[in-house]
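A short worksheet on the structure shown next.
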Amino acid sequence: MVVNNMLNMQLMMFLLVAIGFLIRKIGIVNTEGRKNMIDLCIYLTLPFNVLHSFLREWDWNLFVSCGIILLLSAGYNAISVLFSAVLYKKADKKRQKPLKYGTIVSNSGFLGNPVVEGIYGTDGLLYAALFMLPVRIVMWSIGVSVFMKDGKDHLLKKILTHPCIVAIYGGVIIMISGIQFPTFVENTITGISNCNTPLSMMLVGMMLAEVHPKGLIDKTMVFYTFVRLALIPAVVFAITAFLPIDSMLRGITVIMAGMPAPITTALLSAKYGGDEEYATGLIFLSTLLSLITLPVWCAFL
């Protein structure tokens with residue numbers, strides 16, 4: 001059941017990519033339209049997706065376990081940032097951006113939650129959502145900084161005022177304070193949030209339609225995929241195996257660490273001067289191979 005749900009989720013992603021590919025190939029959307037849709041995704045649907053992840057009730061009875069999962073998430077982020085800083089120094093400068101970002105950040109926000117819920121139920125889903133808090137902060141701070149090469153002060157301002165970071169500020173306040181929105185407001189947030197995944201995946205397909213496949217996959221991309229899907233979760237598992245923590249919390253951490261490259265790798269590359277063709281290849285190859293590695297990790301755990 002778990003493997004079936006996970007495969008359905010990933011196959012849905014590939015189908016959305018195929019639809020986007022077709023839309024671009026037959027000319028429904030041109031290059032300029034695709035760029036406008038990237039802005040729509042980054043400045044609207046992604047922030048609403050982040051905000052929506054915080055629309056849940058905070059339970060103080062789970063304080064200790066929640067604290068542990070937050071610390072585990074922080075440790076995972078530290079490992080990912082360290083690997084991104086040391087592993088790709090010989091890569092092309094323009095390709096270093098998606099390689100580093102895709103190592104710091106994974107697709108755990110979209111793929112991770114349903115996989116964790118399938119294995120550990122609603123309790124696991126709560127911990128997975130909390131695990132994503134440090135991930136989202138790192139994603140929209142250290143992660144985004146990979147693409148931005150302005151002065152430190154200007155860079156800090158850009159990061160702190162990025163719509164997705166602002167959404168985190170608001171989301172934390174909403175979750176902890178217990179603010180309840182009117183139904184129509186909550187439905188609006190949910191509706192826009194639900195647009196994010198199909199829009200993002202179709203954008204990846206549109207980018208693929210503009211990519212010349214010859215020579216796209218190279219040794220560095222294969223190495224990246226190994227790092228993202230095997231090495232990082234293996235290191236996380238090895239470290240947590242020596243910690244006196246609940247097996248469910250360990251399992252959630254390993255699963256979230258073993259997710260493929262996130263959709264935002266291509267979106268941010270297109271927006272901020274990374275190699276968007278290469279970024280699209282990273283997403284495609286790592287997501288394809290995750291059809292093998294994720295069931296293996298789930299069975300192992």
Side-chain angles (χ1 to χ4, degrees), residues 1-18 49 53 69 72-73 75-77 79-80 83-84 98-99 101-132 135-136 139 196-198 200-201 204-205 217 221-241 246-266 279-301:
M1 182 65 178
V2 173
V3 173
N4 183 59
N5 289 340
M6 183 169 50
L7 288 176
N8 282 329
M9 185 70 63
Q10 291 171 299
L11 290 172
M12 183 194 74
M13 290 173 62
F14 279 113
L15 183 57
L16 287 168
V17 169
N49 184 249
S53 69
I69 199 68
L72 290 171
S73 178
Y76 152 71
N77 280 285
I79 292 169
S80 299
F83 279 8
S84 74
L99 285 166
Y101 178 84
T103 302
I104 295 171
V105 185
S106 74
N107 202 14
S108 50
F110 174 59
L111 274 180
N113 285 357
V115 172
V116 168
E117 184 179 17
I119 298 174
Y120 298 110
T122 54
D123 287 344
L125 187 59
L126 170 64
Y127 294 128
L130 289 171
F131 184 92
M132 287 304 299
V135 171
R136 292 194 188 281
M139 174 182 183
N196 182 64
T197 294
S200 298
M201 294 311 299
V204 171
I217 298 177
M221 187 180 293
V222 173
F223 174 68
Y224 161 81
T225 303
F226 166 75
V227 171
R228 178 71 269 162
L229 300 180
L231 182 59
I232 292 178
V235 170
V236 168
F237 178 82
I239 294 174
T240 55
D246 187 272
S247 60
M248 178 172 69
L249 300 182
R250 177 184 298 111
I252 291 171
T253 304
V254 173
I255 290 169
M256 300 295 262
M259 292 291 155
I263 302 160
T264 44
T265 309
T280 304
L282 293 178
I283 296 168
F284 183 81
L285 183 62
S286 62
T287 304
L288 180 64
L289 292 181
S290 72
L291 290 169
I292 300 171
T293 59
L294 284 177
V296 170
W297 278 117
C298 290
F300 179 72
L301 291 166

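Fair warning: this is a prediction, and the values are worked out from it, not measured in the lab.
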Check: T103 and I232 side chains under 4.5 Å, non-hydrogen atoms: yes
What I'd like to find out is whether the side chain of Y224 reaches to under 4.5 Å of the side chain of L285, using heavy atoms alone. no
Would you check if S73 and T253 make a side-chain contact, meaning some heavy-atom pair closer than 4.5 Å? no
V105 side chain near T265 side chain, heavy-atom distance below 4.5 Å: no
Do M259 and L294 have side chains that approach each other closer than 4.5 Å (heavy atoms only, starting at C-beta)? yes
Would you give the length of the straight line joining atom CZ of R250 to atom CD1 of I69, rounded to the nearest 0.5 angstrom? 11.0 Å
Rounded distance [0.5 Å steps], CG in L16 versus CG in L11: 11.0 Å
For the CG atom of L282 and the OG1 atom of T225, what is their distance to the nearest 0.5 Å? 6.5 Å
Rounded to the nearest 0.5 angstrom, the OG1-CG distance for T240 and D246 is 11.5 Å
Looking only at the side chains, is there a donor atom on one of Y101 and T264 sitting less than 3.5 Å from an acceptor on the other? yes
Rounded to the nearest 0.5 angstrom, the CE-CG distance for M201 and L15 is 10.5 Å
Note, P233 side chain near Y76 side chain (heavy atom, < 4.5 Å): no
Side-chain contact test, heavy atoms from C-beta onward, threshold under 4.5 Å: evaluate it for V17 versus I283 and give yes or no. no
Do R228 and S106 have side chains that get closer than 4.5 Å, going by heavy atoms? yes
Quick one: closest heavy-atom pair of A261 and S286, and the distance? N-OG, 3.1 Å
Should the pair W297 and F237 be assigned to parallel (<30°), tilted (30 to 60°) or perpendicular (>60°) ring geometry? tilted
Nearest-0.5 Å distance, CG of residue L229 to OG1 of residue T287: 8.0 Å
